[in-house]
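One structure is given below, encoded as structure tokens.
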Amino acid sequence: MSVQEHVTPGAAPPGNAGEPAAGPEPGAGPQEAVAGTRAGAAGAGAATSGAAPAAAPRLTIRPARQARRGFRVPRSVRRASGPVGVLLIWYLAGVSGLLPTSVLASPVDVLRQAWDLTANGQLPSAIVASGKRAATGFAIGAVIALVLALTAGLFRLGEDVIDSSMGMFRAIPWVGLIPLFIVWFGIDETPKIALVALGVTYPLYFNIYGGIRSADSQLIEAARMLGLGRIGLIRYVILPSALPGALIGLRYALSTAWLALVFAEQVNASNGIGYLMSNAQQYFRTDVIVLCLAVYAILGLLCDFVVRLLSKRLLTWRASFDGDGA
């Protein structure tokens, strides 16, 4: 909106004593009427005080002209420009000889190896095996984190017992627990799943717990005044308030699950993406190693995309900031 000042031609100055101040013009809109009424009130006040004020300007509010928008690049193209640029630089460095194959294989070699491993069935079977480990570990870790977060967030006794212990265990590098897990669970699938579950538990717990404790106290007080009991307060106020934090924790937990799986599958794995990486490391096959890392990244990106869609669907009631500019 733009604000302009002017005095109506032919009208007496609103500050002259004995004459009424100029009011809103006939047929004026609500914004012009409000402006004229304020100007009239200002002139009337000046006349009552006995002073001879100068002519009060009249304020007119008009919509500001919108600047013309030129051509805008779609957001999907802008999002893809970063990865495409990295691939282009990588390809040019490999073709020109600046990046030897012994150090890092070119994107063409990686794509060729991906086609060969897909054709003989090794890559699909490795993805399925790793996906089962990640899904099982994530499910176990999510259940543990949810139970602990609800107990610590809703009850003071639970907070005193659980939260300090979780903060202490969080400081321990969970990757360093791999030797201890091997001693406890052996070298089969159990330590791999346990490591994924441990990595998932911490981000989910702290984000859900923080979301519960950050619920608006005014909303809680209003709900109690409306007669909501303990169960209704948790269901309709506390849990919806904790949902944004829980979804953020879900994004962190999914990425952590794939990260933990990278370390877990290095321990006596007979299948999976990590197994392919271990074999490629022994024969210095950088094309296979980069391919496996790319598969981990793509799987993590797909999980993050699913959570973003879920957030848009579940958080339609909450206004959010999408950023300024084009």
Side-chain angles (χ1 to χ4, degrees), residues 76-138 173-179 181-182 187-189 191-196 198-200 251-306:
S76 59
V77 177
R78 289 184 291 176
R79 286 177 178 269
S81 61
V84 171
V86 172
L87 288 175
L88 182 60
I89 296 174
W90 180 16
Y91 173 76
L92 294 177
V95 171
S96 61
L98 295 177
L99 191 62
T101 308
S102 58
V103 176
L104 187 64
S106 66
V108 178
D109 296 334
V110 174
L111 291 177
R112 185 182 300 112
Q113 191 63 37
W115 175 264
D116 294 339
L117 292 178
T118 303
N120 59 27
Q122 293 186 30
L123 186 60
S125 62
I127 293 176
V128 172
S130 297
K132 289 181 180 179
R133 295 189 185 107
T136 305
F138 177 82
W174 44 267
V175 179
L177 295 176
I178 293 179
F181 281 1
I182 293 176
I187 56 175
D188 55 357
E189 294 294 311
K192 303 175 182 60
I193 296 175
L195 188 65
V196 174
L198 183 65
V200 165
R251 294 182 64 181
Y252 280 112
L254 286 172
S255 61
T256 305
W258 293 109
L259 178 62
L261 193 63
V262 174
F263 296 99
E265 290 186 336
Q266 304 295 321
V267 181
N268 194 36
S270 59
N271 55 10
I273 304 174
Y275 172 71
L276 293 179
M277 291 182 62
S278 298
N279 289 342
Q281 178 187 1
Q282 296 177 5
Y283 297 100
F284 301 98
R285 296 292 303 275
T286 58
D287 52 351
V288 179
I289 295 175
V290 173
L291 173 61
C292 294
L293 293 176
V295 171
Y296 278 126
I298 293 173
L299 292 175
L301 186 62
L302 289 177
C303 293
D304 187 75
F305 177 73
V306 172

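For clarity, every value in this text was computed on a predicted model and none was experimentally measured.
The environment of Ile187 atom CD1 is sparse: at most 12 non-hydrogen atoms of other residues, nucleotides or ligands sit within 6.0 angstrom.
Counting only residues at least two apart or in different chains, salt bridge (charged side-chain N to carboxylate O under 4.0 Å, His left out) contacts with residues 111-123 comprise Asp109-Arg112. Within the structure, the salt bridge (charged side-chain N to carboxylate O under 4.0 Å, His left out) test picks out no pair touching residues 83-94 (sequence neighbours left out).
Residue Val200 comes nearest to Ala257 through the heavy atom pair CG2-CB, 3.7 Å, listed as atom of the first residue, atom of the second, then distance. When every heavy atom of Val103 is checked against every heavy atom of Thr286, the shortest pair comes out as O-CG2, 3.8 Å.
Using a 4.5 Å heavy-atom cutoff, the side chains of Ile289 and Phe284 are not in contact. A 4.5 Å side-chain heavy-atom check between Val95 and Tyr91 finds at least one atom pair inside the cut-off. At a threshold of 4.5 Å between non-hydrogen side-chain atoms, the residues Leu254 and Asp304 do not count as touching. Looking at heavy atoms from C-beta onward, Trp90 lies in side-chain contact with Val290 at the 4.5 angstrom threshold. Here the side chains of Cys303 and Trp258 are in contact, with some heavy-atom distance below 4.5 Å. Side-chain contact between Arg133 and Asn271: present, with at least one pair of heavy atoms (C-beta onward) separated by less than 4.5 Å.
For Gln266 (side chain) and Val262 (main-chain N/O), a donor-acceptor pair under 3.5 Å exists by modelled atom type.
Atom-to-atom distance recorded for Met277:CE and Arg285:CZ is 14.0 Å, nearest 0.5 angstrom. Atom-to-atom distance recorded for Phe263:CZ and Leu195:CG is 9.0 Å, nearest 0.5 angstrom.
Remark: Glu265 does not engage Lys192 in a salt bridge, criterion side-chain N to carboxylate O under 4.0 Å.
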